[in-house]
**Student:** 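The structure is given below, and queries will be raised subsequently.
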Amino acid sequence: PRCRPSGFPEVMSVPEAVAQKHVKAKVCLVGDVAVGKTSLIKRFVLESFEDRYVATVGTKVTKKTVQVDWKGVPATLDIMVWDIMGEKGFRALLRDAYFEGAHGVLAVCDLTRKDTFYDLNNWVQMVRKQVGDVPIVFLGNKADLVERVVVSPEELARMGAILNAKYFLTSAKTGRNVNEAFQILADAIGHRGD
Ligand code: G3D
Ligand code: MG
C-alpha cells in the first residue's frame, strides 16, 4: 500500500484546481451600424477576421471562457457575448431582452467616423437606463486605418472619464487590444462578483 503520513485524511490531497469556481456573465456589445461589433466578437471568440460584411440578424450569442479573479478568488468565467444589429433606435421590445441581466458592456465606435464617437454617449445613457451601473468599456475600433482616423485617444479618454468607462484603441482586423479589452471588462465584472 502507498505510504501516507498518518493524520492526513485522503480528502486533503485533492488538488485545489478541481474545486475552482466556475461562473458565467452576460456581455453586450453596443454601438452604431458597421463600427465593427460583429468583427470584434469574431476576433475574440474565433480568432479570425473576414473582410466580407456579415450583418447580424436580430441578436446572436456566442461563448468564450477566460480566467478572472472573482471577488479575489481565481475563477473560470464563461462570457456569453451578445451581438445586435446596431440600428439607432432599435426596437424597445428587443432592447429590453437584449440588455436583460447584462453584467457588462462594450461600447464601440469607429475611429474613422466622428458621429459614431458622439453616439457613444447615447448608447451609455441607454445602457444605464436598462441595466444600471454595470462596467462599461469603450472601444475605438478600426485603429489599423491610421490615415483615416479622426477620433483622437484624448477625446476617447475624456469621454471615458466623464462617463466612467475605460477605453481601448482596437482593431478587429489586426487583433490589436481585442483580448485585452474583453479581459479588462471580465476583470471588472469579476471584481464586483454578482
Ligand atoms: P457591426 O457589427 O458593428 O455592424 P461589422 O460591424 O463587424 O459588421 O463591420 C462593418 C465593416 O467594418 C466590415 O467591412 C468590417 O470588415 C469592417 N471592420 C470591422 N472592424 C474593422 C477593423 O478593425 N478594421 C478595419 N479596417 N475594418 C473593420 P465591410 O467593408 O464589409 O463593410
Ligand atoms: Mg454586426
Side-chain angles (χ1 to χ4, degrees), residues 25-64 79-100 102-128 130-131 134-157 159-160 163 165-186:
K26 174 175 175 177
V27 164
C28 296
L29 274 82
V30 298
D32 292 352
V33 175
V35 294
K37 298 180 296 299
T38 303
S39 302
L40 285 159
I41 293 168
K42 280 212 178 118
R43 167 61 69 186
F44 176 61
V45 176
L46 308 171
E47 282 157 14
S48 75
F49 178 84
E50 290 163 41
D51 262 306
R52 190 163 50 86
Y53 186 91
V54 184
T56 316
V57 180
T59 65
K60 189 174 177 205
V61 186
T62 46
K63 182 178 101 171
K64 177 148 166 174
I79 308 182
M80 311 306 295
V81 187
W82 286 57
D83 190 15
I84 38 155
M85 278 176 65
E87 288 171 40
K88 264 202 179 138
F90 83 107
R91 283 178 299 114
L93 198 67
L94 180 62
R95 196 184 297 170
D96 289 349
Y98 186 67
F99 288 113
E100 169 79 38
H103 296 89
V105 171
L106 294 174
V108 187
C109 73
D110 177 345
L111 292 173
T112 70
R113 287 186 290 145
K114 202 92 177 191
D115 55 321
T116 70
F117 166 72
Y118 294 127
D119 273 345
L120 283 180
N121 184 50
N122 300 329
W123 286 108
V124 169
Q125 302 315 319
M126 185 188 291
V127 169
R128 295 291 179 227
Q130 296 278 334
V131 284
V134 299
I136 297 177
V137 174
F138 287 157
L139 306 190
N141 192 42
K142 308 195 187 181
D144 59 286
L145 299 175
V146 179
E147 67 291 350
R148 288 172 46 195
V149 165
V150 292
V151 179
S152 71
E154 291 73 26
E155 286 176 293
L156 264 173
M159 176 99 80
L163 298 172
K166 292 190 173 148
Y167 77 95
F168 283 90
L169 305 178
T170 61
S171 169
K173 186 164 189 172
T174 68
R176 175 185 174 186
N177 276 341
V178 176
N179 287 344
E180 288 80 356
F182 275 91
Q183 185 67 50
I184 284 285
L185 183 63

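Hydrogens, waters and symmetry mates are skipped; everything else that's a heavy atom, side chains included, is used. For ligands, and for the atoms within them, numbers begin at 1 and follow the listed sequence. A quick note: this is a predicted structure, and the numbers were derived from the prediction, not measured.
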**Student:** Please state which part of Leu145 comes within less than 4.0 Å of ligand 1, counting heavy atoms only: side chain, backbone, both or neither.
**Tutor:** side chain
**Student:** Find the distance between CG (Leu106) and CD1 (Ile184) and round it off to the nearest 0.5 Å.
**Tutor:**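 The CD1 atom of Ile184 is 11.5 Å from CG of Leu106, to the nearest 0.5 Å.
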**Student:** Tell me which one of Lys37, Lys42, Lys142 gets a heavy atom nearest to atom 27 (N) of ligand 1.
**Tutor:** Lys142
**Student:** Heavy-atom pairs closer than 4.0 Å: do any link ligand 1 to the side chain of Thr38, the backbone, both, or neither?
**Tutor:**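 The answer is both.
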**Student:** To which of Ala34, Gly31, Gly36 does the heavy atom nearest atom 4 (O) of ligand 1 belong?
**Tutor:**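 Shortest heavy-atom distance from atom 4 (O) of ligand 1: Ala34.
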**Student:** Is the closest side-chain heavy-atom distance between Gln130 and Asp96 below 4.5 Å?
**Tutor:** yes
**Student:** Using a 4.0 Å heavy-atom cut-off, say whether Asn141 meets ligand 1 through its side chain, its backbone, both or neither.
**Tutor:**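 Contact part for Asn141 vs ligand 1: side chain (C-beta onward).
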**Student:** Can you list the ligand 1 atoms lying under 4.0 Å from a non-hydrogen atom of Ala172?
**Tutor:**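 So the atoms of ligand 1 that pass are 20 (N), 22 (C), 23 (O).
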**Student:** Evaluate the side-chain proximity of Phe99 to Met126: yes if any heavy-atom separation is below 4.5 Å, no if none is.
**Tutor:**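 Counting from C-beta outward, Met126 and Phe99 do come under 4.5 Å.
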**Student:** Look up atom CH2 in Trp123 and atom CD1 in Ile136, then write down how far apart they are to the nearest 0.5 Å.
**Tutor:** 12.0 Å
**Student:** Please report the interatomic distance NE2(His103) to CG(Leu185), rounded to the nearest 0.5 Å.
**Tutor:** 11.0 Å
**Student:** Which of the numbered atoms in ligand 1 are below 4.0 angstrom from a heavy atom of Ser171?
**Tutor:** 23 (O)
**Student:** Examine all N, O or S atoms of Thr38, backbone included, and report whether one is under 2.8 Å from the Mg ion (ligand 2).
**Tutor:** yes
**Student:** List every atom of ligand 1 that sits less than 4.0 Å from any heavy atom of Ser39, numbering the atoms from 1 in the order shown and giving each element.
**Tutor:** 5 (P), 7 (O), 9 (O), 15 (C), 19 (C), 20 (N)
**Student:** Taking atom types as modelled, is there a side-chain donor on Thr116 or Asp110 under 3.5 Å from an acceptor on the other?
**Tutor:** no
**Student:** Within 45° of the six-membered ring axis of Phe44 and under 6.0 Å from that ring's centre, is NZ or CZ of Lys64 located there?
**Tutor:**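 Relative to the ring axis of Phe44, which defines the angle, Lys64 lies inside both limits.
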**Student:** Measure from atom 24 (N) of ligand 1 to every heavy atom in Asp144, Thr170, Val30 and give the option owning the shortest one.
**Tutor:**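 Shortest heavy-atom distance from atom 24 (N) of ligand 1: Asp144.
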